[in-house]
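Remarks on the structure that follows.
These numbers come from a predicted model, not from an experiment. Values below: all heavy atoms of this structure, side chains included; hydrogens, waters and symmetry mates excluded. Just so you know, ligand 1 is whichever comes first in the structure, and atom 1 is the first atom listed for that ligand.
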Amino acid sequence: MIIMDKLFMPSMMCVDPAKLCETLDVFEKNGIGGLHIDVMDGHFVPNLQLGTDYCRHLHRLSKLPLDFHLMITEPEDKIAWFPIQEGDWVSVHAESTNHLQRTFDRILAAGGKPMVALNPATPLCMAEEVLEQAAGVLLMTVSPGYAGQKLVESTIGKISRLRKMLDERGLNHVRIEVDGNVSPANLVRMDAAGADMYVIGSSGFLKSSDADEIAAGIAEFRKTVG
Ligand code: DX5
Ligand code: ZN
């Protein structure tokens with residue numbers, strides 16, 4: 001049984017741009033797993049967020065791996081647009097492409113770790129055929145597009161069902177990332193259900209932009225999941 005270390009992935013759309021470098025320094029000093037980048041194209045989700053140049057800046061400003069969350073249409077044709085480096089995670093929505101396998105192949109060729117993302121109402125079977133190649137599954141615990149939304153209750157049971165599906169296939173090295181309204185209370189439930197990678201935004205330690213408060217918040221969250 002592989003015991004997965006728990007990873008905290010701050011949602012960069014929730015980081016105060018005026019304090020980006022200071023906040024990246026706090027992340028590096030406090031054991032953050034990677035930088036979650038919500039790329040939104042205004043088609044797959046009703047919002048525009050964080051483009052390719054922003055990703056390039058993050059690779060220049062921080063040594064932490066990037067955790068690309070591609071909320072874009074035809075991702076198979078756009079993987080080359082992104083500065084994917086060895087060790088970066090790249091989540092692509094099963095709902096956003098007719099060519100999930102081709103997208104996975106292109107992420108792997110770029111040196112990335114492919115993950116399949118599912119919106120709250122998308123069944124787990126949409127991820128089934130790529131689980132053997134996946135570094136993880138990103139389960140949206142809110143409907144994607146905006147920070148500050150409330151948990152979709154049914155996603156807690158979905159986390160448990162996915163963990164069971166992975167363990168039954170001997171895939172306990174495949175991560176379960178949860179994204180949306182990861183508050184202290186929801187973190188306890190998500191962790192108990194089998195998640196091991198948490199996108200933290202305005203519901204968690206990024207509700208503040210103060211460096212000391214963020215550092216204290218990371219320590220609090222770490223204490224909760226061990
Ligand atoms: C939702 C975004 C999340 C969100 C997380 O579409 O992908 O990353 O910003 O932050 P909160 O805690 O505000 O849900
Ligand atoms: Zn996200």
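For an aromatic pair to be called close, the ring centres must be under 6.0 Å apart, and F221 with Y198 fails this.
The protein heavy-atom contact nearest to atom 9 (O) of ligand 1 is S11 OG, 3.3 Å. Looking from atom 6 (O) of ligand 1 to the surrounding protein, the closest heavy atom is G145 N, 2.8 Å. Atom 2 (C) of ligand 1 has its closest protein heavy atom at D38 OD2, 3.5 Å. S202 OG, 2.4 Å is the protein heavy atom nearest to atom 13 (O) of ligand 1. What sits closest to atom 14 (O) of ligand 1 on the protein, heavy atoms only, is N181 N, 2.8 Å. If you check which protein heavy atom lies closest to atom 12 (O) of ligand 1, you get S203 OG, 2.7 Å. With hydrogens left out, the protein atom closest to atom 1 (C) of ligand 1 is Y146 O, 3.3 Å, a heavy atom.
One side chain, Q133 or Q101, offers a donor N or O that lies under 3.5 Å from an acceptor on the other.
A salt bridge links D53 with R56: the distance from a Lys NZ or Arg NE/NH1/NH2 to an Asp or Glu carboxylate oxygen falls below 4.0 Å. Under the 4.0 Å criterion applied to side-chain N and carboxylate O atoms, E153 and R189 are assigned as salt-bridge partners. We find that K19 and D210 are not joined by a salt bridge, their nearest charged nitrogen and carboxylate oxygen being 4.0 Å or further apart. The existence of a salt bridge linking K6 and D196 is excluded, since no basic side-chain nitrogen approaches an acidic carboxylate oxygen closer than 4.0 Å.
The residue I200 has no part lying near ligand 1, judged by heavy-atom distances below 4.0 Å.
Between the choices D179, N186, I37, the shortest heavy-atom distance to atom 5 (C) of ligand 1 belongs to D179. Closest to atom 10 (O) of ligand 1 by heavy atom, among G148, S91, G201, is G201.
Remark: ligand 1 atoms within the under-4.0 Å shell around heavy atoms of C14 are 9 (O). Distances below 4.0 Å separate heavy atoms of G180 from the following atoms of ligand 1: 14 (O). Under a 4.0 Å criterion applied to the non-hydrogen atoms of V199, ligand 1 contributes the atoms 8 (O).
In D179, the N, O or S atom that comes nearest to the Zn ion (ligand 2) is OD2. Distances from the Zn ion (ligand 2) to each N, O or S atom of D38 single out OD1 as the nearest.
In terms of modelled atom types and a separation under 3.5 Å, the side chain of S96 and the main chain of H93 share a donor-acceptor contact. Counting only distance, with no hydrogens or angles, the side chain of R102 and the backbone of E76 share no donor-acceptor pair below 3.5 Å. The backbone N or O of S209 lies less than 3.5 Å from no partner atom in the side chain of D16, so there is not a single donor-acceptor pair.
Ligand 1 has no nitrogen or oxygen under 3.5 angstrom from a nitrogen or oxygen of A147. The distance criterion of under 3.5 Å between nitrogen or oxygen atoms is not met by S143 with respect to ligand 1.
One distance of note links CG of L58 with CG of D67; it measures 11.5 Å at 0.5 Å rounding.
Note: H69 and H36 have tilted aromatic rings, judged against thresholds of 30 and 60 degrees for the angle between ring planes.
Geometry note: the Zn ion (ligand 2) is the vertex, H69 ND1 and H36 NE2 are the arms, and the angle is 100° (rounded to 10 degrees).
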